[in-house]
Amino acid sequence: MALRVYDTRSRTKRELIPLVEGQIGIYACGITPYSPSHIGHARQAIAFDIIVRWLRNRGFQVNYIANFTDIDDKIISVSSEEGVDFLEVANRNIEDYFEVMDALNVTRANEYPRVTETIPEIIEMVNSLIEKGHAYVANDGVYFEIDTAPEKYGQLTGQTLEMVREGAGGRVDETGSGKRDHRDFALWKAAKSGEPNWESPWGPGRPGWHIECSAMSLKHLGERFDIHGGGTDLMFPHHEAEIFQSECCLGHEPVVQYWLHNGMINVNGEKMSKSEGNFWTVSDALQQVDPLVLRYTLINAPYRQPVDFNTVMIDDSRLNHGRLLRAYSEGLSIAGSGDWSSNPALSGAAERFSSGMNDDFNTRVALVEVQSIVKELRQLIDTESDKSDVSAAVGWLAEFAGGVLGVLPTEEEALSITESEAAARSAISSDVEALLEERESARESKNWSRADEIRDELISMGVVVEDGSEGPTWRIE
RNA sequence: GCACGGGUGGCAGAGCAGCUAUGCAACGGACUGCAGAUCCGUGGACCCGGGUGCAAAUCCCGGCCCGUGCUCCA
């Protein structure tokens, strides 16, 4: 079954054919750590986490690189506001990033390169662009000259040189920048007084916004690599600038074989932004929702679609994820996790799951299969079916819901959920049983008011009674 | 304005030429003193107008509407 991915550059789904058979190099633009991570960052991290997990499930050896742009205007501005070193700001937010992404079950990338650790490579690349006539030195830094490769303009966004010329005409003069054309972009920014800076052939300064990703992807993945990812908001200008830099520097194209872009997060149908007051950091969100439920919510639509973050979506995910988790942990404690491949129904579900994932990583289609297996497992447990059937379904969920989608906790954690429930249950069991007995005799004598009274009493203890054909059962809410 | 995505049942959200998406909600039934849970079942949709096809939610053209981007951004 061919694995097809939507490539922004060609605007079509293309079969994923690695440069080196069996191996995939993937670079995804990470965060600029000037503030704690928000749920948009989480969506990006989860999207590429699942892409990597799926590629590995399919047997590819994946080298996944995610960067931190740990020096930029915003970091500098936060650092000067707080009067602390810029690295302190960056480090603090990188720590937050790892903390929340770990909670969200995001597998760590193979490497997390940082701009501040890649300065020599950046300088070398800028130097090479100057030597090749693609960049020029101005009074305030070094700029890439768009007119030296105009054919590369708009490769991801379809915009033409003329469009952007109209859109931003005249702005250059106002800034007093040394740019020759407003569409040129900075490769190296000369340091203003008090700013962090590094020595360079063009004086003390720091890298421009785009060059770091070209340098880091080159350093870690080489002159050509398979996948470059990031949010759609980075297509222009960031990723187009990367195309200019990398291709002009290396002298061949394409450097990146496939461009993958994840969609944005909206909140109640509106763009999430600080100014709208609807801004959610991951930590904020985790105050209200379990991390794996949040993850479930964020993969409820394919990664390219926008996700609307609203209470309906979250409640829905909470319900479905709760069912998944309960069925999985119960099944696990009853029968363990076994092999599913010889079970025709599970194999069929695996095939549908796979064809969904192979179609540009469609997690929504994948979740449908997960939900159907949950339903099936639920029935197997309730009817006390053959343990091998239960363990096969558990094994299926472990591989696909757990291993690929990452929405299950570890086996130990799952088992401890059922154990702690069992413990809580046995702690109050005798009290509950006594009340239930009393209630049953009340019911036998059709004393409904007394029966309901006892039921209310149990509810106040957090116990829900459900009368079935074989007498009452109860569970802890 | 230009570019790129979208517009599917009450809601969320798949499908992207022919076959029930799915989940939640609703309705009917089984069970039940009631409630709940569970099970079985039902109805209901493809923004508008043209076109191509035996066949279109799905392809093409035109329009309307929404989101995002247009050098801060995952």
Side-chain angles (χ1 to χ4, degrees), chain A residues 6 8 11 13 28-32 34-35 37-48 66 69 72-74 77 154 156-160 162-168 171-172 179 182-186 208-210 229-238 240-241 261-266 269-274 297 300-308 310-320 323 352 356 359 362-372 374-375 378-379 382 442-444 446-449 451-452 455-456 459 464-469 472-475:
Chain A
Y6 184 88
T8 307
R11 277 180 217 117
K13 283 182 191 169
C29 282
I31 60 161
T32 298
Y34 71 94
S35 67
S37 295
H38 59 248
I39 55 177
H41 295 129
R43 178 30 172 188
Q44 188 275 140
I46 290 167
F48 285 92
T69 300
D72 97 313
D73 293 348
K74 283 185 177 170
S77 110
L156 298 178
T157 57
Q159 300 185 104
T160 64
E162 289 68 29
M163 288 171 192
V164 180
R165 177 174 288 148
E166 286 164 14
R171 218 179 286 172
V172 179
K179 279 185 193 182
H182 76 272
R183 294 158 304 177
D184 293 349
F185 55 87
W209 174 30
H210 317 297
T232 55
D233 54 345
L234 294 182
M235 291 192 297
F236 188 92
H238 185 57
E240 291 202 355
H261 290 99
N262 64 277
M264 300 290 102
I265 295 275
N266 294 139
E270 290 179 358
K271 183 189 176 180
M272 182 176 81
S273 71
K274 284 181 175 167
T297 308
N300 204 222
Y303 76 96
R304 287 196 293 128
Q305 295 302 123
V307 163
D308 194 47
N310 59 54
T311 50
V312 176
M313 281 282 278
I314 295 166
D315 290 346
D316 210 40
S317 298
R318 191 177 277 127
L319 187 79
N320 285 125
R323 282 178 183 166
R352 291 186 295 276
D359 183 15
N362 192 328
T363 49
R364 192 65 194 77
V365 168
L367 280 175
V368 167
E369 295 306 321
V370 171
Q371 288 169 339
S372 83
V374 167
K375 190 171 179 181
R378 185 76 262 161
Q379 285 174 2
D382 289 346
R443 291 180 72 207
E444 268 167 42
K446 298 199 192 300
N447 186 352
W448 307 128
S449 61
D452 291 346
R455 185 164 63 195
D456 289 341
I459 285 170
V464 177
V465 181
E466 284 163 2
D467 298 320
S469 51
T473 58
W474 60 281
R475 61 186 165 82

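We name chains A, B, ... by the order of the sequence lines, and we start the count at 1 in each one.
With hydrogens and angles left out, the side chain of A/N266 and the base of B/rG67 share no donor-acceptor pair within 3.5 Å. Contact annotation: side chain of A/H261 to base of B/rA74, donor-acceptor pair absent below 3.5 Å. Put simply, the side chain of A/D316 and the base of B/rC11 share no donor and acceptor less than 3.5 Å apart.
Under the Watson-Crick or G-U wobble criterion, with both distances below 3.5 Å, B/rC24 is paired with B/rG10. Figure legend. B/rC59 is base-paired to B/rG51; pairs are counted as Watson-Crick or G-U wobble with both atom distances under 3.5 Å. Pair assignment for B/rU38: B/rA30, on the basis of Watson-Crick or G-U wobble contacts that are both within less than 3.5 Å. Nucleotide B/rG5 has B/rC66 as its partner under the Watson-Crick or G-U criteria, with both atom distances under 3.5 Å.
The A/R11 side chain lies nearest to B/rG5 when the options are B/rC72, B/rG5, B/rC40. For A/R455, counting side-chain heavy atoms from C-beta on, the closest listed nucleotide (B/rA35, B/rG5, B/rC24) is B/rA35. When distances are taken from the side chain of A/M313 to each of B/rG13, B/rA74, B/rC34, the shortest belongs to B/rG13. Minimum atom distance to the side chain of A/W448 is reached by B/rG33, of the listed B/rC39, B/rG33, B/rA74. When distances are taken from the side chain of A/E466 to each of B/rA74, B/rG23, B/rG36, the shortest belongs to B/rG36. When the nucleotides B/rA74, B/rC40, B/rG36 are ranked by their closest atom to the side chain of A/R475, B/rG36 comes out on top. In the set B/rC11, B/rA74, B/rG33, B/rA74 carries the atom at the smallest distance from any side-chain atom of A/H41.
Note on ring orientation: taking the six-membered ring where Trp is involved, the planes of A/H210 and A/H238 are tilted (angle from 30° to 60°).
Between A/R378 and B/rA37, a side-chain N or O to OP1/OP2 separation shorter than 4.0 Å is absent.
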What's the verdict on side-chain contact (heavy atoms from CB on, under 4.5 Å) for A/Y303 and A/Q44, showing C-alpha distance, side-chain angles and the deciding distance?
-> CA-CA 8 Å; A/Y303 76 96; A/Q44 188 275 140; over 6 Å; no
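The separation between A/N262 atom CG and B/rG69 atom C1' is 14 Å, rounded to whole Å. Separating the CD atom of A/Q159 from the C1' atom of B/rC4 is a distance of 9 Å, rounded to the nearest angstrom.
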What does the list of N/O pairs under 3.5 Å between the protein and nucleotides 14-21 of chain B look like, with a distance for each?
residue: B/rA14; atom: O3'; partner: A/N362; partner atom: ND2; Å: 3.1
residue: B/rG15; atom: OP1; partner: A/N362; partner atom: ND2; Å: 2.6

Scoring nucleotides 41-46 of chain B by protein non-hydrogen atoms under 4.0 Å (B base, S sugar-phosphate only, - none) yields ------
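Using a 90° window around 0 for the glycosidic torsion, B/rG29 falls outside it and is classed as anti.
In this structure, A/G263 reaches the bases: a heavy-atom distance under 4.0 Å links it to at least one base atom across the strands shown. Among the atoms of the strands shown, only primed sugar atoms or phosphate atoms (P, OP1, OP2) are found under 4.0 Å from some heavy atom of A/Y6.
Side chain of A/Q159 to main chain of A/G154: no donor-acceptor pair is present (N/O by atom type, distance under 3.5 Å, no hydrogens or angles).
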